[in-house]
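Written out below as structure tokens is the structure these notes cover.
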Amino acid sequence: MVRRSGLSGVKVVVGGGVAGLTAARDLARAGYPVVVLEGGSTGGSVSSRTLDGLAVDVGAEGFATRGGAVVSLLEELGLADRVTSPRPTGTWVHRPDGATRIPDGAVLGIPTRLDDPALDALGEEAAARARQDETLPGTVGADAQTLGTLVRTRMGEGVLRAWPAPLVAGVHRLDIDAVDPEVLLPGVRARLAEKGSLAAALRGGNGELAGLRGGIFQVVHALVGEITTLGGQIVESGAVAVEPDLQGWRVRTTDDAVVHGDGLLLACPPWWWPSGVPEAIGAIARAWPQPRPVDVVTLVVAHDGGGRRAGVIVADGGGRVRARALTYSTAKWDWLAEDARGREVLRLTYDALDDPDDVVTRQALADAAALTGATWTDDDVLAADRTRWLMPRSAIESGMTEQRAAMREAVTDRTDLALTGGWLAGTGLAWTIADARAAAARLLA
């Protein structure tokens, strides 16, 4: 039950995902009473399940180190000593006619080492064209308006269609020939001008992937623990309506309780916003595209089946394979392989499936076998989980960048209202956490 609080300085956070929890922690550390309202699952898309005795991430399982926002938060939470790097197992792109390995160190599938043998698999002509990137003037492609044009101009059509195009489509749900290079590769034009080649421009400039020994879900546990230790409340109730009052905001919850605060942080996607938000942002929120349902299927199998232990992105036209991607988790993370003791953990991502869970499990096992070349039977499946996520459509994916700018502008000068979340900041913990901390800072101004 929400306390009917009239305390001066109370900050109300609507949404208990990682963005809301991160901001709430910063507000609590600054000495303010905090109430977090979460009508669903605390932690949002950072979550875990216990399968055959193994605690595994079923949402986010890693983070980008770019910008340092995630690592900085982990240091503050006392988790920095658990940060770990994935094994260099490689990633492949699957098509009905076969699979090709993405070059090691590639960024969005764009090679950063042009001597990588993976280029030779494209054929002599395509490989030679890709390696021209090293000798072309740095001005070539510098004015490219799309990422597709940039890659095509620097490295050729062969590289573009082999790796970057399916990765941008599969991971970001974007058309590589429609998205600006700076959207997915901030600063790439400046680095191209400095380094003289696209491969050199991308080497070491976009951070690396990292994880947490024991699972990313530990971040949620640490945030919740610190918020409550500092006196904050995390309430399992959503927000139904908000309205300005003499104290700032009056928030009515799904439990028909009321909480007052002088600051309001909307840290949930716009389709879950309460009624009564200012029209300057409410009208845009109502026009925001609905979330995309995604199923993550996690399998624990008894052995590796003799297959390739690597990640796979499925290009359009993947044949009988319905999965969009496969992560071979025990090949990727040493800590999980140690805990698994010979068992294997695989994660497959799907556009929402209508089939019953047992049918989905069989489909996932068949897809995993097709993507890795392994041989498994139904008896090899020791545990399975299917988790459905409603994935926010980011401003970039949904073509709402101008509307996003308008929403940010509408709250720029307010210290009683702020917005945050992956739908606004972009996909991934690196962007989400940085944006959440900036939002909290605005309420502290």
Side-chain angles (χ1 to χ4, degrees), residues 1-48 57 59-60 63 69-80 82 212 214-239 242 247-249 251 253-255 257-269 272 274 415-422 425 429-430 432-445:
M1 174 66 69
V2 178
R3 291 199 297 265
R4 298 178 184 276
S5 173
L7 293 173
S8 175
V10 173
K11 310 299 181 185
V12 182
V13 179
V14 179
V18 168
L21 295 175
T22 299
R25 171 188 176 270
D26 282 0
L27 295 169
R29 281 170 58 88
Y32 288 92
V34 175
V35 176
V36 180
L37 302 174
E38 173 52 63
S41 175
T42 301
S45 60
V46 176
S47 184
S48 67
D57 290 307
F63 61 89
V70 183
V71 173
S72 177
L73 178 63
L74 294 174
E75 289 172 348
E76 295 174 23
L77 293 173
L79 297 173
R82 302 185 192 181
L212 272 190
I216 292 292
F217 60 87
Q218 295 169 102
V219 175
V220 171
H221 296 172
L223 288 169
V224 169
E226 190 163 337
I227 291 167
T228 54
T229 297
L230 292 168
Q233 298 180 71
I234 298 176
V235 182
E236 295 180 354
S237 181
V242 300
Q247 292 175 292
W249 295 95
V251 184
T253 77
T254 50
D255 292 334
V258 173
V259 61
H260 297 273
D262 71 356
L264 175 65
L265 176 61
L266 297 174
C268 59
W272 286 326
T415 57
D416 67 331
L417 177 63
L419 316 173
T420 191
L429 292 178
T432 298
I433 288 173
D435 190 75
R437 305 197 80 168
R442 286 192 291 275
L443 286 186
L444 293 173

How far does CG of Leu444 sit from OG1 of Thr415, to the nearest 0.5 angstrom?
-> 10.0 Å
In this structure, which one of Val235, Asp255, Ile234 forms a side-chain contact (heavy atoms from CB on, under 4.5 Å) with Leu37?
-> Val235
May I ask you to test the Ser45-Val18 pair for a side-chain heavy-atom distance under 4.5 Å?
-> no
Atom CD1 in Ile216, atom CG in Asp57: separation rounded to 0.5 Å?
-> 6.0 Å
If every non-hydrogen atom of Gly15 is compared with every non-hydrogen atom of Cys268, which pair is closest and at what distance?
-> CA-CB, 4.2 Å
CZ of Arg437 to CG of Leu27: how many Å apart, nearest 0.5 Å?
-> 11.0 Å
At their closest point, which heavy atom of Leu21 faces which heavy atom of Val224, and how far apart are they?
-> CD1-CG2, 4.1 Å
What's the shortest heavy-atom distance between Gly421 and Asp435, and which atoms?
-> N-OD2, 3.9 Å
Separation between CG (Leu77) and CZ (Arg25), nearest 0.5 Å, reads 5.0 Å
CG on Asp416 to NZ on Lys11, rounded to 0.5 Å = 8.5 Å
Knowing that exactly one of Val242, Val259, Asp262, Val10 qualifies, which makes a side-chain contact (heavy atoms from CB on, under 4.5 Å) with Trp249?
-> Val242
Which atom names give the shortest non-hydrogen contact between Arg29 and Leu230, and what distance separates them?
-> CG-CD1, 3.6 Å
Residues 14-24 vs side chain to side chain donor-acceptor pair (under 3.5 Å), sequence neighbours excluded, gives none
Side chain to side chain donor-acceptor pair (under 3.5 Å) with Glu236: which residues, sequence neighbours excluded?
-> none
Closest non-hydrogen atom pair between Asp26 and Ala440, with its separation | CB-CB, 4.0 Å
Under the side-chain contact (heavy atoms from CB on, under 4.5 Å) rule, collect the residues that match up with Ala438, sequence neighbours excluded.
-> Arg442
Taking Phe63 as the fixed residue, which of Val46, Thr432, Val70 is the one that meets the side-chain contact (heavy atoms from CB on, under 4.5 Å) rule?
-> Val70
For Phe217 and Leu212, what are the C-alpha separation, side-chain angles and deciding distance, and is it a side-chain contact (heavy atoms from CB on, under 4.5 Å)?
-> CA-CA 9 Å; Phe217 60 87; Leu212 272 190; over 6 Å; no
Approximate separation, where rounding is to 0.5 Å, of Leu429 CG and Leu74 CG | 9.0 Å
Closest non-hydrogen atom pair, Ala69 against Ala434 | CB-CB, 3.8 Å
Within the side chain of Gln218, is there an N or O that forms a donor-acceptor pair under 3.5 Å with the backbone of Gly215?
-> yes
